[in-house]
Structure formats: C-alpha cells, structure tokens
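Along the sequence shown, residues are numbered consecutively beginning with 1.
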Amino acid sequence: MAVRHYTLDFTLSTAVDSASTVRGLLSIFHEQELTETVHDTNGHGYLATFLGKNGRLVILRVHSHGLVTIDLQCYEEDNIAQLDNLLNALEKKLKVLLNGNITCIKRLPALIRGGKIDRYWPTADGRLVEYDIDRVVYEEDSAYQNIKILHSQQYGNILVLDGDVNLAESDLAYTQAITGSGKENYAGKEVLILGGGDGGILAELVKQKPKMITMVEIDQKVIDGCKMHMRKTCGNILDNLEGDCYQILIEDCVPLLKKYVQEGRTFDYVINDLTAIPISTAPEEDSTWEFLRLILDLSIQVLHPSGKYFTQGNSANLTEALSLYEEQLGKLSCPVDFRKEVVCVPSYLEQWVFYTTWKK
C-alpha cells in the first residue's frame, strides 16, 4: 500500500507568533476529526502532529526563523478531493492569518512513497526527478544486475539497470553522440562495441555498412528484454546474434580485450557503452574507477593507430569527476588527445558529456 505525501510551505518576511497562527488553524483540523499532539522543540518554534482515524497524518511546524510548513501524509486510496479541500482550507486560512508577511507560497504535487511503480530517480548531480512511468513492461534479475524496462508516456520504454536509467526509446541523441555525432564514416571499418545490450548503437552503425562490428555484451537477459520491448531503439538487430556485418558475443569483455591485445588485433573504432564515469572523486576507494581505467587502457591498446575511442562521460555538472577522468587519459601507456561534447539526452533530464579519444 503506497502513501501520498503533500507539502505546503509559507516563507515569511519575519517570524510570527506561533500561538496565534496555530489557534487560527485548529478549527480546520477539528472539522477533519484530526487529533492534535504538541511536541517539545526546545525553543525551535512550534511543532504538532494531527492524526485522523483514516490514517491521515498532518505535521504542522511554525519555524522560529520565519517559515511555516505543512506535511500531509495519507494512503494512496484516500479521497483526493477531501485532501485537496483540506489543503485548500489551510492555505486560504494562512493567507489571512499571515497577511502582509508572506514572501512565497509553495505547494508541490504529492510524492508517492512505496508505490508498485517507482517513478523517482536522482540525477547524477543529486536532484530528484519524477518520470511519467505508468507500468513495468519487463523485469528480470540476472547473474549481474536487476533489469527493468519501464514505460514512460513521454520517452517510450526506458531501460533501467540496477536502478539507473540507461536509455529510453527517445534517446537517439545518446546513440548519435557516442558514435561521433554523424562526423565519422564507418563504411568498411572494423568496430568494437563494449556493452550496448539495448542494441541502439549496433542498429545505427549497421546502416553504414561497416566491414564488421563485434559487440560484446555480458548479459543475455538485457538483450532478451530489449529485443522484445525496446524495438524503437534496436529494430530487429538483436533477433540474431550474427548478421552480414556484425556478431554479438555474450561474454565478459575484459578477457576478450586481453586476448585481442595478445593477438595484436586492432579496430578502427572502439565504443565503450559499459558504464558512465563514476560520480566518486576518490578513485583509490571506488572499484568502478579501477574497472574504468582497465577498460580504457585495454581499449586504447586494441585501437588502430588512426582509430578513435568513444565513451560517455557523465553529467556536465560533475566537473570534478570529469576532470579526474581527463587526468586518467594522461596516464595511459601511450599519449592521446581527446575532445568532449555536451549533449541533451531526453530521458536523462540533464546535459551529458561524451568523449572522443585518439592516439597522438
């Protein structure tokens, strides 16, 4: 059973007397059959909870520094019209009681907590966003991760791995950016894709008639879900593991990369679609950085002298993490140059950085 959480805030120009403010609201709470309990705040304003028989809970706080906050919690099945009436009555009364002292009134839509469908994710830089997700179309736990494909009314189906939004059917901008933004000619070239289980990169590059694309994806269940529910992204490319100019290998890319290094095999393009640059700026404490450095070093070793390495970065706001990644580029076994591009990926709801790297 989910819970709705409503908020109503009044920012004031000066602090107010809590006793007179609360006294003016009590009749509204009593009409709703809400029982008051006052709590000791040790001099930090007024705090009371109001509990109703139907499980409604209202938290009223008159802060000592000039802020009045109201939190209303109720079960999802509660009567929404009644809840709106209660909040409307409280807002109307407070406008009268605090007349001339209000600088801002903020009332937010309800936050649904504990729902069957999770609609909330933090952006990479820590802001909370709500998606218009209405159903789960696919969910599996593989040996490697939890896999969900969720339907959004705006973005189509969205692939979510271990709780992180990976790609939506609307996110062609991501695929274009991680393959060079239309500036590269893949015709007749050898291409290595690391990850890419949604099939978007493979589907786009096959159109350019490369000599051969080798895609290495560790998780068959990602492919299984995407070929059923992400067809606006992958088309029919994942229906077969081999085609005229591509092969999909279901295995860990690290041993394969090491094998390619030993064999001296090279590629014109290496596209790393495994993971974003870690948010952590303490690489000595984060194993994801160690994995990223390993993939980066092996990828550059299998890159043709005139080839290019593409990868996503992270949110453009994570300047410290991005700078740390760029430092890693200066520590490779051979000198490289790079450029970066900032792209708006629709379902990410934030600007995203992509890198192109090549040997000097």
Side-chain angles (χ1 to χ4, degrees), residues 1-7 54-56 72-84 107-124 126-176 178 195-204 217-239 273-276 312 315 344-350 352:
M1 181 179 292
V3 170
R4 291 181 178 271
H5 188 156
Y6 298 83
T7 60
N54 54 3
R56 292 179 191 171
L72 168 59
Q73 297 180 28
C74 61
Y75 292 117
E76 189 175 22
E77 296 76 12
D78 206 340
N79 189 305
I80 292 179
Q82 290 183 8
L83 300 173
D84 284 338
R107 180 168 163 181
L108 297 176
L111 182 72
I112 300 176
R113 303 165 65 180
K116 292 182 180 178
I117 300 174
D118 186 7
R119 301 173 56 159
Y120 307 97
W121 278 275
T123 58
R127 293 171 289 111
L128 182 66
V129 296
E130 178 179 1
Y131 287 82
D132 57 346
I133 291 167
D134 54 18
R135 66 183 184 273
V136 179
V137 297
Y138 178 85
E139 181 170 11
E140 289 286 342
D141 286 309
S142 73
Y144 308 100
Q145 58 203 332
N146 174 260
I147 307 158
K148 289 188 181 76
I149 299 178
L150 310 174
H151 178 260
S152 159
Q153 298 176 55
Q154 288 189 85
Y155 305 118
N157 287 343
I158 305 176
L159 175 64
V160 178
L161 300 179
D162 279 343
D164 288 331
V165 172
N166 272 238
L167 194 78
E169 290 179 312
S170 64
D171 292 344
L172 180 59
Y174 176 98
T175 303
Q176 291 174 332
I178 205 170
D198 54 75
I201 296 171
L202 181 60
E204 289 301 310
E217 167 61 53
I218 197 171
D219 201 336
Q220 177 69 56
K221 289 189 176 182
V222 172
I223 291 176
D224 292 342
C226 290
K227 72 181 180 183
M228 289 188 291
H229 302 293
M230 298 281 290
R231 294 187 81 84
K232 290 182 181 178
T233 295
C234 64
N236 62 1
I237 199 71
L238 297 178
D239 293 351
D273 193 35
L274 294 168
T275 183
Q312 63 167 314
S315 167
C344 180
V345 179
S347 76
Y348 286 18
L349 300 175
E350 56 187 322
W352 211 251

Restricting to non-hydrogen atoms, name the atom on [X] and the atom on [Y] that form the minimum distance, rounded to 0.1 Å.
X	Y	result
N54	Y75	O-CD1, 4.0 Å
R56	D78	NE-OD2, 2.8 Å
R127	L349	NH2-O, 4.1 Å
G163	W121	O-NE1, 2.6 Å
G197	L238	O-CD1, 3.5 Å
M230	I158	SD-N, 4.3 Å

Kindly indicate whether the side chain of [X], heavy atoms from C-beta on, has any atom under 4.5 Å from the side chain of [Y].
X	Y	value
L150	R135	no
N236	R231	yes
E204	L172	yes
I147	S142	yes
D239	K227	yes

task = Show your reasoning for whether side-chain contact (heavy atoms from CB on, under 4.5 Å) applies to T123 and Y348.
result = CA-CA 7 Å; T123 58; Y348 286 18; over 6 Å; no

ask   = Do the ring planes of Y138 and H229 sit parallel (below 30°), tilted (30 to 60°) or perpendicular (above 60°)?
value = tilted

Donor + acceptor pair across side chains of [X], [Y] (<3.5 Å):
X	Y	result
S315	E350	yes
Q312	Y174	yes
Q220	D224	yes
H151	D134	yes
T233	D198	no

inquiry  = Check this for me: Y120, atom OH, are more than 12 non-hydrogen atoms of other residues, nucleotides or ligands nearer than 6.0 Å?
reply    = yes

message = Using a 6.0 Å cut-off, check whether atom CZ of R107 has over 12 heavy atoms from anything other than its own residue.
response = yes

Is there a donor-acceptor pair under 3.5 Å between the side chain of [X] and the backbone N or O of [Y]?
X	Y	value
Y155	L167	no
N166	D164	yes
N157	V137	no

Rounded to the nearest 0.5 Å, what's the gap from [atom1] on [X] to [atom2] on [Y]? Could you check?
X	Y	atom1	atom2	result
L202	T175	CG	OG1	11.0 Å
E77	N79	CD	CG	12.0 Å
R113	D118	CZ	CG	13.0 Å
I223	M228	CD1	CE	12.0 Å
R4	L111	CZ	CG	10.5 Å

query = Who are the side chain to side chain contact (heavy atoms under 4.5 Å, CB included) partners of A203, not counting sequence neighbours?
reply = I237

key: Identified side-chain contact (heavy atoms from CB on, under 4.5 Å) partner of N146 from the options V160, D162, L161   = D162

inquiry  = Run the salt bridge (Lys or Arg N to Asp or Glu O under 4.0 Å) test against K221 and tell me which residues pass, sequence neighbours left out.
reply    = E140

task = Would you sort out whether K232 and D171 count as a salt bridge (charged side-chain N to carboxylate O under 4.0 Å, His left out), showing the intermediate values?
result = CA-CA 10 Å; K232 290 182 181 178; D171 292 344; over 6 Å; no

